[in-house]
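Scroll down for the structure; my scribbles are underneath it.
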2 protein chains.
Amino acid sequence: MRYSQDHKAQTYQRIVKEASARFRRDGIGATGLQPLMKALGLTHGGFYAHFKSKDDLVETALRDACEELNGLCEEVFARQDPLPAFIDTYLSKSHRQTPEHGCPLPTMAAEMGQRGEASPIADETIRLRLQMLGKALGETEGDAQSIVMLSTLVGALLLSRSVQDSEFSDHILDTVREHLKQPLVKPANA
Amino acid sequence: MRYSQDHKAQTYQRIVKEASARFRRDGIGATGLQPLMKALGLTHGGFYAHFKSKDDLVETALRDACEELNGLCEEVFARQDPLPAFIDTYLSKSHRQTPEHGCPLPTMAAEMGQRGEASPIADETIRLRLQMLGKALGETEGDAQSIVMLSTLVGALLLSRSVQDSEFSDHILDTVREHLKQPLVKPANA
DNA sequence: TGTACATCAGTGAACGCGCGTTCACTGATGTAC
DNA sequence: TGTACATCAGTGAACGCGCGTTCACTGATGTAC
């Protein structure tokens with residue numbers, strides 16, 4: 001059946017959005033194309049009218065997730081003092097509980113590293129994040145502070161998600177959040 | 001064929017060791033029992049003479065990986081000033097390149113979080129790590145410093161492994177390593 | 001404006017494959033006599 | 001010590017299942033006349 005002019009583009013976007021959410025929630029390997037299409041009320045065969053392969057979708061969905069997040073972040077980074085707000089958002093219980101609408105790095109970084117050589121998608125995602133953080137931190141020389149902060153944010157969210165004990169999970173988030181919101185001043189020496 | 005008395009125990013250990021390596025390198029979902037057994041010169045059917053299920057093996061292998069690492073760490077933590085040595089080891093290129101002999105958290109934490117409720121294996125792994133770090137940091141009150149440090153270590157290793165550009169990957173490791181080795185003194189205020 | 005035709009997004013059965021798991025079987029060993 | 005038997009770690013075919021992918025087909029729509 002042929003549909004109205006932009007129907008294909010709409011379906012394409014629906015697939016990308018659903019995939020982007022599922023990849024971030026369940027990971028790439030654990031996300032099947034059949035269930036994904038079914039969730040959209042479509043059959044799996046139609047997938048290949050839109051994408052060359054699952055890998056093609058992964059690439060597209062990750063890029064889309066990145067852009068979506070940049071959109072959300074711009075709002076935060078437009079404020080007077082963006083850093084505490086960003087940290088609060090990143091290490092919030094809401095971000096922990098809804099990975100499908102959050103940063104792809106905690107769930108997907110491990111799988112991204114094991115993908116084929118030709119895909120610098122992790123590099124792009126990380127570099128973009130560092131740029132944003134660098135600006136928020138007022139970093140003029142190098143990117144040391146933003147690299148350390150991104151590592152800490154990603155690690156803390158990952159750990160808090162992996163833990164079963166919800167009090168322990170909260171404790172991890174709370175502790176790291178409070179630590180990162182302290183002013184970043186380097187001591188001369190101990 | 002029936003083998004010598006401790007033959008079964010030896011095979012059991014061989015399976016655990018191989019699984020512990022593969023889970024840490026490839027993740028749980030991407031590790032098949034058939035290839036695993038084949039790599040040990042065994043057929044896959046024999047697996048169920050040793051384990052109730054794949055989940056059973058996962059539990060056992062993770063616990064084994066933890067103990068193995070604690071053994072390695074004890075050596076490091078017996079030194080005079082253990083913390084810099086631990087940081088150097090954790091954020092070394094060797095640790096980045098050989099996940100199969102390293103910390104399970106960067107590769108497996110995401111998958112551990114998605115496993116059934118009854119498995120507090122991630123909690124145990126993390127608590128144990130924090131205890132060790134707490135001692136090395138000379139932490140007397142609370143565990144804030146060790147939680148932040150563990151988050152940063154895990155995040156940095158994860159990011160450095162996910163990245164394709166090897167210079168960028170080195171840069172992440174080097175930056176975080178140098179940052180963490182600075183004396184941990186909290187500034188009064190900015 | 002009305003009709004015939006071409007398009008192609010989506011359908012759904014089928015492909016080979018590897019997964020975790022089961023199971024009847026084998027045969028070298030330890031044990032009992 | 002020698003023989004008959006029980007054990008059970010390991011074998012390998014088979015189970016149903018879901019995966020990514022292919023493909024002949026459908027039929028509502030846009031287009032051409």
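Keep in mind that the numbers below use all heavy atoms, side chains included, and drop hydrogens, waters and symmetry copies. A note on names: the letters A, B, ... follow the listed sequences, proteins ahead of strands, and every chain is numbered from 1.
For the pair A/Lys38 NZ and D/dG20 C1', the interatomic distance rounds to 17 Å; values are reported in whole Å. Rounded to whole angstrom, the span from the NZ atom of B/Lys54 across to the P atom of D/dC17 amounts to 19 Å. Counting to the nearest Å, the P atom of C/dG30 and the CG atom of B/Asp6 are 11 Å from each other.
Pairing of D/dA6, defined by two Watson-Crick or G-U wobble distances under 3.5 Å, is identified with C/dT29. Base-pair partner of C/dT11: D/dA24 (Watson-Crick or G-U wobble, both distances under 3.5 Å).
A distance of 13.0 Å separates CD1 in A/Ile87 from CG in A/Leu173, rounded to the nearest 0.5 Å. Here A/Met37 contributes atom CE and A/Thr43 contributes atom OG1; the two are 6.5 Å apart, rounded to the nearest 0.5 Å.
When each of D/dT21, D/dG10, C/dT21 is scored by its nearest atom to the side-chain atoms of A/Gln34, the top-ranked nucleotide is D/dT21. Closest to the side chain of A/His7, out of C/dG10, C/dT21, D/dT11, is C/dG10. Distance from the side chain of A/Leu33 is smallest for D/dG20 among the nucleotides C/dG10, D/dA9, D/dG20.
In summary, the side chains of A/Ser20 and A/Arg24 do present a donor paired with an acceptor at a separation below 3.5 Å, with no hydrogens or angles considered.
Proximity of A/Thr11 to the phosphate of C/dG10: a side-chain N or O atom is located under 4.0 Å from OP1 or OP2.
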